[in-house]
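Shown next, in structure tokens, is the structure this report addresses.
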Amino acid sequence: MRLFTTVVISLASITAQGQVESDQCAKSGINLSHIPSWTPSWPFVDAFKIRRPWLSSPLDRSVWDDGQPISTDTDGWVNSILPGQLIHTLIYDNAQGHYPSGRYVVLYEGQGQLNLRGDAQIVSDTPGRMEVDITPTNGGIHFEVLTTDPQDHIRNIRLIMPGFEDTYQEHPFHPAFLESLSSFDVIRFMDWQNTNGTWNHDWTMRPELNDAGFSLGLGVPIEIMVDLCNELDADPWFCMSHLFDDTYVDNFASVVASRLEPERTVYVEHSNEVWNSIFNQYQYAVQRSAELGIPGGDDFQRAMRYHSQRSVEIFDLWDDHFNQDQLVRVMGGWQVNTWVTEQLLDWNNAFEHTDVFATAPYFGGSLGVGNNPNQTLQMTPDEIIDVCLEDIAAQRIRTSAQITTLEQYDGVDLVAYESGQHIVGVGGQWTNNAELTALFHEVNRHPRMYDAYIDDISGWNEIGGGLMTAFASCQTPSRYGSWGLLEYQDQPLSEAHKMRAWVDFNTNPADFTMDGQLDFFDVSAFLAALSIQDQSADMNSDGVFNFFDVSQFLIAFAKQCL
């Protein structure tokens with residue numbers, strides 16, 4: 001064992017001297033998928049947080065939504081009901097039954113009558129507390145408010161998943177949700193903030209902890225996002241909406257600074273894909289650049305200069321709350337266009353206020369665009385993955401071009417705000433083509449997608465890319481894409497090939513005990529496995545158990561990357 005320890009120390013010394021490639025401990029990130037009522041994800045043990053907006057129906061339920069006004073308090077709780085009116089909502093509908101079964105507990109304050117239907121059967125009902133047995137189907141949970149006392153209306157409704165009644169307040173996140181994110185270093189909250197669909201720019205209307213649900217268009221409260229990163233020991237990446245004024249941005253940063261663990265680093269970005277004309281933020285940038293008289297050859301150039309300018313304004317506001325080593329200022333760019341890179345960083349010397357330039361090196365996007373699907377439909381899944389591997393190689397060339405461009409801006413590194421496959425039908429003809437959608441779903445479920453992701457992630461790091469952020473965490477495949485690394489929260493890794501690739505890339509193979517630490521117990525476990533020629537000790541997967549396996553283990557151990 002003394003010899004083994006000596007070798008480890010020697011290898012650690014080599015690593016420290018930079019004689020092993022510098023990207024061994026590359027950071028990874030993940031975008032959280034949005035959380036509508038039909039999400040297959042389980043972010044909160046209080047399932048009521050993901051409810052749909054309230055709907056109005058007649059008491060006989062003959063009309064799903066009759067459009068009658070719904071009276072609520074400032075937190076969104078129903079405070080009065082019209083004669084003959086029933087207020088209802090849905091939870092985990094259209095999630096294909098992928099949510100926990102068992103006995104749930106409903107807790108609430110106030111006076112009135114609640115009812116649950118659909119997947120739920122009421123077992124007991126006493127004031128302020130109900131117990132319901134839930135058998136998940138695609139129909140989901142129908143939650144109804146039948147009556148409420150205007151003087152003491154029903155509020156603070158909670159729908160606690162089985163086994164969490166005693167702990168939901170201190171531990172609001174579902175363990176399966178936390179586990180699925182545990183190998184990532186950075187959490188990007190673009191969709192949790194509803195960045196692409198934001199409409200609120202008033203700080204007094206920001207999402208708050210007392211809100212009657214977090215899936216209502218305003219986004220998830222800042223406090224919840226910060227708490228998640230504290231729980232995961234991960235760094236948050238926040239997107240400041242194009243509609244946020246300085247007061248909103250400054251207050252946002254203040255809340256984060258007061259609640260985030262001091263050892264955490266914060267990534268901050270202006271909006272999301274401001275270069276992309278399909279989003280309102282691009283149109284807003286065109287409008288604001290005109291109002292501010294920003295010069296340029298066309299609307300696009302002027303919009304990019306506004307994006308650059310507003311990014312720096314946001315960075316400066318966050319600078320007031322964080323030390324330089326706590327803040328990563330992200331300028332969002334366009335992977336395929338280095339001219340845009342220069343426009344963004346040159347304008348008013350924005351590069352002097354920027355730490356990283358972010359692009360999205362997706363692969364496979366051409367398969368569902370224009371006339372290409374006609375040919376794609378003639379291909380097998382294996383042939384499509386071959387095309388993806390070719391596109392990954394092409395993306396490396398584009399990434400290299402971005403890195404070369406950034407060399408003129410001292411201190412600005414390249415990161416990826418999103419990444420992964422982009423295999424989806426684009427445009428009405430192809431978005432609605434059932435055959436193409438089915439084929440793309442099959443490709444995303446193919447075991448070789450693991451190889452494609454490993455190739456993509458490894459290649460990005462090998463050529464000098466920094467933090468690579470996956471898109472996205474957990475989402476049901478649809479005609480609009482198969483974006484989720486997981487299709488549902490408890491999907492086995494053996495079936496979730498995209499997530500498995502990320503987990504394997506993020507996991508140090510020397511962590512033999514899988515406890516998140518590298519210590520004597522890992523060494524002992526490896527040697528024990530090697531002595532009986534257990535498959536887990538075949539570190540280089542050559543079917544032979546010898547010195548080369550020991551060498552691979554030692555190198556991995558010396559990296560101390562977890």
Side-chain angles (χ1 to χ4, degrees), residues 29-53 74-77 89 91-92 95 99 156-161 168-174 176-178 180-181 184 186-232 234-241 243-244 248-249 251-261 264 266-269 271-272 417 469 471-475 483-484 489:
I30 189 168
N31 283 265
L32 294 190
S33 300
H34 62 291
I35 45 172
S37 66
W38 53 88
T39 179
S41 178
W42 313 341
F44 312 112
V45 294
D46 176 5
F48 201 79
K49 297 298 186 186
I50 64 162
R51 72 167 180 90
R52 281 199 192 190
T74 55
D75 293 326
W77 302 108
T89 187
I91 301 168
Y92 282 118
Y99 69 98
N156 194 19
I157 300 172
R158 288 141 289 164
L159 178 61
I160 310 302
M161 291 181 174
Y168 77 93
Q169 291 177 303
E170 295 81 12
H171 303 285
F173 305 108
H174 196 286
F177 175 71
L178 294 174
S180 69
L181 304 174
F184 294 93
V186 176
I187 309 297
R188 187 169 183 254
F189 290 104
M190 183 267 293
D191 273 333
W192 267 33
Q193 294 181 256
N194 196 31
T195 303
N196 294 329
T198 186
W199 52 269
N200 174 48
H201 56 86
D202 186 341
W203 177 250
T204 64
M205 294 178 62
R206 71 191 182 280
E208 298 194 67
L209 293 171
N210 293 328
D211 288 349
F214 297 160
S215 180
L216 307 174
L218 291 175
V220 175
I222 303 167
E223 294 86 349
I224 295 294
M225 295 184 286
V226 171
D227 289 351
L228 176 62
C229 288
N230 288 340
E231 179 79 20
L232 290 168
D235 296 333
W237 181 328
F238 296 115
C239 298
M240 298 293 95
S241 166
L243 296 179
F244 289 177
Y248 202 120
V249 173
N251 287 338
F252 194 118
S254 178
V255 172
V256 175
S258 67
R259 199 173 183 101
L260 188 67
E261 293 173 341
R264 305 263 63 83
V266 182
Y267 292 70
V268 61
E269 175 187 12
S271 190
N272 171 69
Y417 64 85
T469 308
F471 190 86
S473 57
C474 181
Q475 197 169 329
W483 304 111
Q489 190 66 72

Please verify the inter-ring angle class for W203 with Y248; under 30° counts as parallel, over 60° as perpendicular, anything in between as tilted.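 Answer is perpendicular, since the angle exceeds 60°.
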Once you round to the nearest 0.5 Å, how far does CH2 of W42 lie from OH of Y99?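 The OH atom of Y99 is 11.0 Å from CH2 of W42, to the nearest 0.5 Å.
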To the nearest 0.5 Å, how far apart are OG1 in T195 and CE in M240?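 Here the rounded value is 8.0 Å.
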Could you tell me which non-hydrogen atom of [X] sits nearest to which non-hydrogen atom of [Y], and how far apart they are?
X    : Y    : result
V256 : V266 : CG1-CG2, 4.2 Å
V255 : S258 : O-OG, 2.8 Å
T89  : R51  : OG1-CB, 3.7 Å
I50  : P43  : CG2-CG, 4.4 Å
L209 : P221 : N-CG, 4.0 Å
N196 : M190 : ND2-SD, 3.5 Å

Step by step, work out the side chain to side chain contact (heavy atoms under 4.5 Å, CB included) result for N194 and L218. CA-CA 7 Å; N194 196 31; L218 291 175; over 6 Å; no
Any residue meeting salt bridge (charged side-chain N to carboxylate O under 4.0 Å, His left out) with E261, in chain and number order, not counting sequence neighbours: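 Listed in chain order: R264.
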Only one of T469, N272, N31 clears side chain to side chain contact (heavy atoms under 4.5 Å, CB included) with Y417; which?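 In the set T469, N272, N31, the residue that makes a side chain to side chain contact (heavy atoms under 4.5 Å, CB included) with Y417 is N272.
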Do we see a donor-acceptor contact under 3.5 Å between the side chains of S241 and Q193?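 No, no side-chain donor-acceptor contact under 3.5 Å.
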Run the side chain to side chain contact (heavy atoms under 4.5 Å, CB included) test on L228 and M225 for me, step by step, so that the C-alpha distance in whole Å, both residues' side-chain angles and the decisive distance to 0.1 Å come before the verdict. CA-CA 5 Å; L228 176 62; M225 295 184 286; 5.7 Å; no
I'd like to check F177 versus L32 (side-chain heavy atoms, cut-off strictly below 4.5 Å). Are they in contact?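 When only atoms from C-beta onward are counted, L32 and F177 do touch, with a gap below 4.5 Å.
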Student check: side-chain heavy atoms of F173 and D227 closer than 4.5 Å: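 A side-chain contact under 4.5 Å exists here.
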